[in-house]
Number of protein chains: 2
Amino acid sequence: MTPELKQTSEQIISTELIIKKAVEVICGKWRLIIIHLLREKTLRYGEIKRGVPGISEKVLVHELKQLVELGMVDKQSFGEVPPRVEYSLNEKGRTVLPVIDLLREVGQAFI
Amino acid sequence: MTPELKQTSEQIISTELIIKKAVEVICGKWRLIIIHLLREKTLRYGEIKRGVPGISEKVLVHELKQLVELGMVDKQSFGEVPPRVEYSLNEKGRTVLPVIDLLREVGQAFI
DNA sequence: TGGGTTACCCACCAAAAGGTAAGTACTATT
DNA sequence: AATAGTACTTACCTTTTGGTGGGTAACCCA
């Protein structure tokens, strides 16, 4: 255990809170897949949809809305017809990329 | 991006699979809290229950069963009355500890 | 005039996850 | 005889999560 992760009993509650929050942020069937797709470049709604085969539109819209609300993804609508909406992973969203990379390593053993 | 995480389009599908599996393994409202509690020492059922306030017995039993099934936790029953059952995090279970530590860092920003 | 394009919304449904409250088995203790 | 202690099980319920299949607006092009 690294020194800064040592904890007193007083810290345990907040540790639980933080872990629970983090789990909320990264969980869901598609959440990390979407973030991983956005890691390289800004994508339009339709591009994300095609990049995440199997996801329903309802869920995709909902996930994107949540990611924007959480401050992880920036959304830009161009006032065009047909509509053009672009989503990009911002700085806050990028903080979870190491989690994805670590899960890729850890997850291997569970396949 | 570290070199070993560079990926071709052929690898994308398996990457998705691995991420999905990892999410399955670590998600749920209480899963990581339980693992985190078991990080230091073997605990009896009742100790875990008291260590995770708020969890229902049904869910705790179910979670422990799953952790054993996933090969992350070892269970030992002593043939005593009143019963004594001990749970401990094994090597496979310990592979997710770095995920917890990383989530503690990342999660801070989302509180 | 009518279909194509894009990014959604809506009503409804099914499955999974989680919670509640009660009960069980077996023994020791009062 | 009744109670306490331990590690569960069971039936029932609510909430959350995800899926299905339709609809919409606005403009362009044929």
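Letters A, B, ... mirror the listed sequences (proteins, then strands); counts begin at 1.
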Is there a side-chain contact between Trp30(A) and Ile55(A), using heavy atoms and a 4.5 Å cut-off? yes

Considering residues at least two apart in sequence or located in another chain, which fulfil the salt bridge (charged side-chain N to carboxylate O under 4.0 Å, His left out) criterion with Glu47(A)? none

For a quick test of reading the model: is some side-chain N or O of Arg44(B) closer than 4.0 Å to OP1 or OP2 of dA7(D)? yes

Would you say a side-chain N or O of Lys75(A) is under 4.0 Å from OP1 or OP2 of dC8(C)? yes

If you measure from NE2 on His36(B) to CG on Leu89(B), what distance do you get to the nearest 0.5 Å? 11.0 Å

Check the distance between [N]'s [atom2] and [X]'s [atom1] and give it to me in whole angstrom.
X: Glu80(B); N: dA7(D); atom1: CD; atom2: P; result: 10 Å
X: Arg31(A); N: dT16(D); atom1: CZ; atom2: P; result: 15 Å
X: Leu60(B); N: dA7(D); atom1: CG; atom2: P; result: 10 Å
X: Leu43(A); N: dT6(C); atom1: CG; atom2: P; result: 15 Å
X: Phe78(B); N: dA7(D); atom1: CZ; atom2: P; result: 11 Å
X: Tyr45(A); N: dC9(C); atom1: OH; atom2: C1'; result: 10 Å
X: Leu64(B); N: dT6(D); atom1: CG; atom2: P; result: 16 Å
X: Arg84(B); N: dC26(C); atom1: CZ; atom2: C1'; result: 16 Å

Counting neighbours of NZ on Lys92(A) that are heavy atoms of other residues, nucleotides or ligands and sit closer than 6.0 Å, is the number greater than 12? yes

Reading nucleotides 18-28 of chain D 5' to 3', which nucleotides get B (base under 4.0 Å from a protein heavy atom), which S (sugar-phosphate only), which -? BBB-----BS-

With heavy atoms under 4.0 Å as the rule, sort Tyr87(A) into base, sugar-phosphate or nothing. sugar-phosphate

When you measure from the side chain of Arg31(B) to the backbone N and O of Val25(B), does any donor-acceptor pair fall under 3.5 Å? yes

Counting N and O atoms only, with roles assigned by atom type, does the side chain of Asp74(A) sit under 3.5 Å from a partner on the main chain of Val68(A), one being a donor and the other an acceptor? no

Cation-aromatic face contact Lys75(A)/Tyr45(A), 6.0 Å, 45 degrees: no

